[in-house]
Amino acid sequence: MFEYAPAPESRDVVDLKSSYGLFIDGEFVDGSGPSFKTVNPATEETLAEVATASAEDVDRAVRAARKAFDGWSALPGAERAKYLFRIARLIQERARELAVLESLDNGKPIRESRDVDVPLVAAHFFYYAGWADKLEYAGFGTKPLGVAGQVIPWNFPLLMLAWKIAPALACGNTVVLKPAETTPLTALLFAEICRQADLPPGVVNIVTGAGETGAAVVAHPDIDKVAFTGSTEVGRLIARAVAGTGKKLTLELGGKAANIVFDDAALDQAVEGIVNGIFFNQGHVCCAGSRLLVQESVAEELLAALKRRLGTLRLGDPLDKNTDIGAINSAEQLAKIRRLSDLGEAEGAERWSPACELPEQGYWFPPTLFTGVAQSHSIAREEIFGPVLSVLTFRTPAEAVEKANNTPYGLSAGVWTEKGSRILWMADKLRAGVVWANTFNKFDPTSPFGGYKESGYGREGGLAGLEAYLDV
Amino acid sequence: MTTSLADVASSEAALRAFLHGLPGVDRVGADQRAAMLGTRSIKTTAKAQAIDLAISMVDLTTLEGADTAGKVRAMCAKAVRPGGEAPSVAAVCVYPDLVAVAAEALKGTGIKVASVATGFPSGRTSLEVKVSDTALAVAAGADEIDMVIDRGAFLSGRYMKVYEEIVAVKAACGPAHLKVILETGELVTYDNVRRASWLAMLAGADFIKTSTGKVAPAATLPVTLIMLEAVRDFRDATGRQVGVKPAGGIRTTKDAIKNLVLVNETAGDDWLTPEWFRLGASSLLNDLLMQREKLATGRYAGPDYFTLD
């Protein structure tokens, strides 16, 4: 038996402070709300105390952003680009520090924060830095909107920050960003990077806190643009709050993506794609391939291969370089995953997990798949946002499309077949913002991302991503 | 699922239909999987274990026109005692005319003598020559024969010819184990690698081997991954276990360990022994010894402290 010895990434690169304030007008300041704790979900150890921004704090941040807007938007695009390029390079230089901190605060494996999150963050800043002096060629005009209020989730804390801040700044907007309450630390380290890059004060402001702080950002009358990534439930509240105010809004919400495997697919790679689709980042991915639709003629073979593969997943310490599955981000999320999984069993689906020892401390859930799932089951309809895969079968391409589209969501979908014409046919029929062919959960700053239906509206990334931050 | 695959080779058409009916390999996905497994971090005790396992899996090889009996004897001495407390290697691999020398030098050590045969490395000769090349090597004392397939026949779709040659060479091997070299660098596509793997296994190969070492690219990680998937699936289908030997281009301990990780997470435990997995290499052994020493003492010793045989 070849056992891999523990290979933990060192925590020493991260200089954790015992408490963190807000980042307003280029300074770290105390918040006037009560501070809250952010914990390491893998151990439940408290990492730091973080300030809560009250409505007054949010107002100060918005005023700082408004004050900075005139100067920032008046800078030639090439000058704004210099700051963004500088930030991108600093992210690369401090990549290890950012990756370790992200894994500590979020619970995701260091392999993912190191190889996926942080490189994509830098790539996003590089990409939008390139647009800053070329806006007149993008087709959306060159006039920024003003102050953007941005609220981001806990699943990809730094990457979602990059998706929000990089295009906003490239277009000449200033921002007030609220990170999720369970994962504020990398945003605050990013604030430090903004200072290191000599970004003019007030261009980026970061206010921490829970839902109330987010609501204050969204409701502030001097915000011109609201961008939100998170649950459909909160997205609805935001849409309601913003309705009739003249604020521009983009929402990137939940999903219940179908990952569709045809019998002529490259099976070994399809298995990898299924694993990557639902177990990447513990399934805390809005575009996760949480519904596997597999053609009946190959279902038995594929499931056997999938189960064998799940047996090799390594769950444990997120900082261990060989860990594939890290911790669930919070006790609350764990409770939700447990509730929906129990419901799946109660409604008659068959539950399976590989032999998998869970650590005693922290929030953990084993990789799980459900077979015998019907469209009517809750686990086929509700977003679980965890490492839980529902397996359904189909007989014909038309049935696959019908089942895939039979959801209120429409963020992403995957198609696995060696037949090119079928890929194009499926992509045309699937009502999802992103359709991956023979891959899944593949991200690139040049590629637009966003949803249909209850998965939200507006696009982030690529040329299309500029539209959300320009006065078209 | 132990179906009989006896009829698969009953005709050219049946063989072709079977090989082309195997699931395809998506190059991007296979490369990605191999690259991801290449990031596994093998440290401390696991590294020590992996290094000794890798040494015990080495087919220590010399395949040069300039090879001599003296050179082969020296290599055999090193194969038995690579240095320090390191285990012996699995086999030495030489050209057929030096098999007798190696067999004599390794008598009683348990180390196998492997010989390339069948018009190695191009295989461009008649079946009669290939068969007698094999038989003579076995008669001279080879325990294992590393044959090459007819890539020209494979690429032009004459699978039956490739199949029949392997069957004939296997018969000529008698008790010797047969390793079938696919020369994946000339097959180019991963679909071809998978088909050639199955073809060789159906024809009776005891091992499938990536390359001769004379063609680049040789043993890349994705190719080894696909061959490991093939032996895994073949055993599921037939119950018969076939070994895998990546050869060519594996020069560092890191390369070797990446290969072991591939085995561990693809075919599994059953293949993690010298009986079922080999590393065809020449310069690799010294790097393994060097890393072994470093792990034991905490210091790197210079290349002069490691023998060159």
Side-chain angles (χ1 to χ4, degrees), chain A residues 1-9 109-112 114-116 261-277 280 297-298 300-302 304-305 308-314 317 319-324 414-420 423 436-442, chain B residues 1 20-54 57 189-191 194 222 225-230 232-233 236-237 257 259-273 277 295:
Chain A
M1 189 74 180
F2 185 19
E3 292 277 5
Y4 305 160
E9 179 69 59
I110 187 75
R111 178 164 69 73
E112 289 176 5
R114 179 194 68 197
D115 295 346
V116 182
V261 181
F262 286 95
D263 61 2
D264 65 349
L267 282 188
D268 286 304
Q269 285 73 49
V271 166
E272 291 308 315
I274 295 162
V275 168
N276 189 42
F280 171 62
S297 48
V298 75
E300 199 181 325
E301 193 183 340
L302 182 88
R308 179 178 58 208
R309 175 69 176 86
L310 295 196
T312 68
L313 286 173
R314 308 172 61 85
D317 179 7
L319 284 186
D320 191 306
K321 292 175 219 163
N322 294 326
T323 291
D324 297 320
V415 180
W416 296 83
T417 169
E418 288 280 278
K419 200 178 177 99
I423 291 172
W436 282 294
N438 293 330
T439 189
F440 210 94
N441 276 343
K442 194 99 185 141
Chain B
M1 189 178 68
H20 285 258
L22 293 168
V25 185
D26 184 81
R27 176 170 284 265
V28 176
D31 286 347
Q32 238 170 35
R33 174 69 177 150
M36 183 264 130
L37 288 173
T39 70
R40 289 290 193 220
S41 180
I42 307 301
K43 301 290 183 207
T44 61
T45 51
K47 187 173 183 180
Q49 189 197 355
I51 287 174
D52 278 5
L53 185 58
M57 289 172 165
T189 70
Y190 292 169
D191 287 328
R194 172 166 291 172
L225 171 73
I226 290 158
M227 290 168 59
L228 285 163
E229 287 166 357
R232 176 198 71 195
D233 295 345
D236 282 351
I257 292 178
N259 272 283
L260 296 183
V261 167
L262 280 192
V263 179
N264 191 35
E265 300 200 31
T266 307
D269 253 3
D270 291 352
W271 272 266
L272 271 177
T273 80
F277 193 75
L295 215 52

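Note on naming: letters A, B, ... go to the chains in the order of the sequence lines (proteins, then strands), and numbering restarts at 1 for each one.
Put simply, of A/R111, A/E418, A/K321, the one with the most heavy-atom pairs under 4.5 Å next to chain B is A/R111. Chosen from A/T312, A/L267, A/D115, the residue pairing most often with chain B at heavy-atom distances under 4.5 Å is A/L267. Across B/D191, B/T39, B/L22, the residue that shares the most heavy-atom pairs under 4.5 angstrom with chain A is B/T39. Of the listed residues (B/K43, B/Q49, B/R33), the one with the most heavy-atom contacts under 4.5 Å to chain A is B/R33.
Side-chain contact between A/K442 and B/V28: absent, with no pair of heavy atoms (C-beta onward) separated by less than 4.5 Å. Using a 4.5 Å heavy-atom threshold, the side chains of B/V263 and A/F2 count as separate. Looking only at side-chain heavy atoms (C-beta outward), A/D268 and B/R194 come within less than 4.5 Å of each other. When side chains are defined from C-beta on, B/D236 counts as touching A/R308, because their heavy atoms get closer than 4.5 Å.
Heavy-atom distances place the backbone of A/E3, and not its side chain, under 4.5 Å from chain B. For A/A305, no part lies under 4.5 angstrom from a heavy atom of chain B. Heavy atoms of B/D26 lying under 4.5 Å from chain A belong to its backbone as well as its side chain.
One distance of note links OH of A/Y4 with CD of B/E265; it measures 3.5 Å at 0.5 Å rounding. Once rounded to the nearest 0.5 Å, the distance linking CD of A/Q269 with CD1 of B/I226 reads 7.0 Å. Once rounded to the nearest 0.5 Å, the distance linking CZ of B/R40 with CG of A/D324 reads 4.0 Å.
Across all non-hydrogen atoms, the minimal contact from B/S41 to A/A7 is OG-CB, 3.5 Å.
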